[in-house]
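Note that this is a predicted model, so its numbers are computed, not measured.
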Amino acid sequence: MDSLKKLFPFSFRNDGVAGLIIGIVIYVVLCAVAGLIIGLVPNLIVLGVIKWILGLLIEIYGLVGIVLAILHFVKAV
(Lines give C-alpha, C1' and ligand atoms only; values in the text may rest on other atoms or scores of the structure.)
Protein backbone atom coordinates (compact mmCIF):
# COMPACT_ATOMS: atom_id res chain seq x y z
CA MET A 1 0.00 0.00 0.00
CA ASP A 2 2.87 2.34 0.70
CA SER A 3 4.22 1.85 -2.81
CA LEU A 4 0.81 2.84 -4.24
CA LYS A 5 0.83 5.98 -2.11
CA LYS A 6 4.27 6.86 -3.49
CA LEU A 7 3.28 6.21 -7.12
CA PHE A 8 -0.11 7.96 -6.92
CA PRO A 9 0.28 10.78 -4.38
CA PHE A 10 -2.85 12.69 -5.44
CA SER A 11 -5.11 9.67 -5.05
CA PHE A 12 -4.70 9.38 -1.29
CA ARG A 13 -5.58 12.88 -0.09
CA ASN A 14 -7.75 13.13 3.01
CA ASP A 15 -9.54 16.36 2.15
CA GLY A 16 -13.00 14.90 1.53
CA VAL A 17 -14.86 15.81 -1.63
CA ALA A 18 -12.50 18.71 -2.38
CA GLY A 19 -9.49 16.38 -2.32
CA LEU A 20 -11.25 13.92 -4.60
CA ILE A 21 -12.13 16.62 -7.14
CA ILE A 22 -8.66 18.15 -7.03
CA GLY A 23 -7.05 14.72 -7.49
CA ILE A 24 -9.25 13.90 -10.48
CA VAL A 25 -8.60 17.30 -12.07
CA ILE A 26 -4.84 16.89 -11.60
CA TYR A 27 -4.86 13.50 -13.33
CA VAL A 28 -7.02 14.77 -16.20
CA VAL A 29 -4.78 17.82 -16.72
CA LEU A 30 -1.68 15.62 -16.54
CA CYS A 31 -3.03 13.38 -19.30
CA ALA A 32 -4.10 16.34 -21.44
CA VAL A 33 -0.74 18.12 -21.16
CA ALA A 34 1.15 14.90 -21.86
CA GLY A 35 -1.04 14.31 -24.91
CA LEU A 36 -0.32 17.81 -26.21
CA ILE A 37 3.42 17.40 -25.70
CA ILE A 38 3.41 13.99 -27.40
CA GLY A 39 1.40 15.48 -30.26
CA LEU A 40 4.03 18.16 -30.85
CA VAL A 41 6.78 15.62 -31.50
CA PRO A 42 7.28 15.07 -35.25
CA ASN A 43 5.53 11.97 -36.55
CA LEU A 44 8.18 9.57 -37.81
CA ILE A 45 7.56 5.83 -38.10
CA VAL A 46 9.84 4.79 -35.23
CA LEU A 47 8.76 7.70 -33.06
CA GLY A 48 5.12 6.92 -33.80
CA VAL A 49 5.34 3.60 -32.00
CA ILE A 50 7.23 5.14 -29.08
CA LYS A 51 4.69 7.98 -28.88
CA TRP A 52 1.82 5.50 -28.90
CA ILE A 53 3.34 3.41 -26.09
CA LEU A 54 4.21 6.48 -24.01
CA GLY A 55 0.74 7.94 -24.49
CA LEU A 56 -0.86 4.64 -23.54
CA LEU A 57 1.20 4.39 -20.35
CA ILE A 58 0.35 7.95 -19.33
CA GLU A 59 -3.36 7.39 -19.96
CA ILE A 60 -3.29 4.16 -17.91
CA TYR A 61 -1.48 6.02 -15.09
CA GLY A 62 -4.17 8.71 -15.10
CA LEU A 63 -7.01 6.18 -15.17
CA VAL A 64 -5.56 4.13 -12.31
CA GLY A 65 -4.97 7.33 -10.33
CA ILE A 66 -8.59 8.40 -10.76
CA VAL A 67 -9.90 4.95 -9.83
CA LEU A 68 -7.69 4.86 -6.72
CA ALA A 69 -8.85 8.34 -5.71
CA ILE A 70 -12.48 7.26 -5.95
CA LEU A 71 -11.83 4.01 -4.09
CA HIS A 72 -10.00 5.90 -1.36
CA PHE A 73 -12.88 8.38 -1.11
CA VAL A 74 -15.45 5.65 -0.58
CA LYS A 75 -13.00 3.92 1.81
CA ALA A 76 -12.76 0.74 -0.23
CA VAL A 77 -8.95 0.83 -0.25
Side-chain angles (χ1 to χ4, degrees):
M1 190 61 152
D2 290 331
S3 62
L4 280 179
K5 288 182 180 180
K6 290 178 185 176
L7 284 174
F8 301 97
F10 299 109
S11 296
F12 296 99
R13 299 173 57 118
N14 293 326
D15 301 337
V17 176
L20 173 68
I21 293 172
I22 290 171
I24 290 173
V25 168
I26 288 173
Y27 285 118
V28 169
V29 168
L30 171 82
C31 291
V33 169
L36 287 173
I37 291 172
I38 290 171
L40 292 175
V41 175
N43 198 9
L44 302 174
I45 294 172
V46 175
L47 287 179
V49 173
I50 295 171
K51 284 175 29 177
W52 178 77
I53 292 171
L54 185 61
L56 181 67
L57 290 175
I58 291 171
E59 295 294 327
I60 290 173
Y61 177 80
L63 179 66
V64 170
I66 290 171
V67 169
L68 284 175
I70 293 170
L71 289 175
H72 179 71
F73 179 73
V74 297
K75 295 180 179 40
V77 175

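Cluster annotation: V28 and F73 are assigned to the same hydrophobic cluster (Ile/Leu/Val/Met/Phe/Trp/Tyr, side-chain heavy-atom contacts under 4.5 Å, transitive). Linking Ile, Leu, Val, Met, Phe, Trp and Tyr whenever their side-chain heavy atoms come within less than 4.5 Å puts V33 and L56 in one cluster. L57 and V67 fall within the same hydrophobic cluster, defined by Ile, Leu, Val, Met, Phe, Trp and Tyr side-chain heavy atoms under 4.5 Å apart, directly or through other members. By the criterion of side-chain heavy atoms lying less than 4.5 angstrom apart, applied directly or through intervening Ile, Leu, Val, Met, Phe, Trp or Tyr residues, V17 is grouped together with V74 in one hydrophobic cluster. In this structure, V49 is a member of the same hydrophobic cluster as I60, with clusters built from ILVMFWY side-chain heavy atoms closer than 4.5 Å.
With values rounded to the nearest 0.5 angstrom, I24 atom CD1 is found 7.5 Å from I21 atom CD1.
Nearest heavy atom pair, residue G65 against residue S11, reads O-OG, 2.7 Å. Residue G62 comes nearest to C31 through the heavy atom pair CA-SG, 3.8 Å, listed as atom of the first residue, atom of the second, then distance.
Side-chain atoms of V64 and Y27, non-hydrogen and from C-beta on, never get closer than 4.5 Å to each other. A heavy-atom distance below 4.5 Å is found between the side chains of I58 and I38.
Note on residues 8-37: pairs passing salt bridge (charged side-chain N to carboxylate O under 4.0 Å, His left out), not counting sequence neighbours, are R13-D15.
Between F8 and Y61, the ring planes lie parallel to each other; the angle is under 30°, not in the 30° to 60° tilted range.
For the side chain to side chain contact (heavy atoms under 4.5 Å, CB included) with F10, the lone residue among I22, I26, L20 that qualifies is I26.
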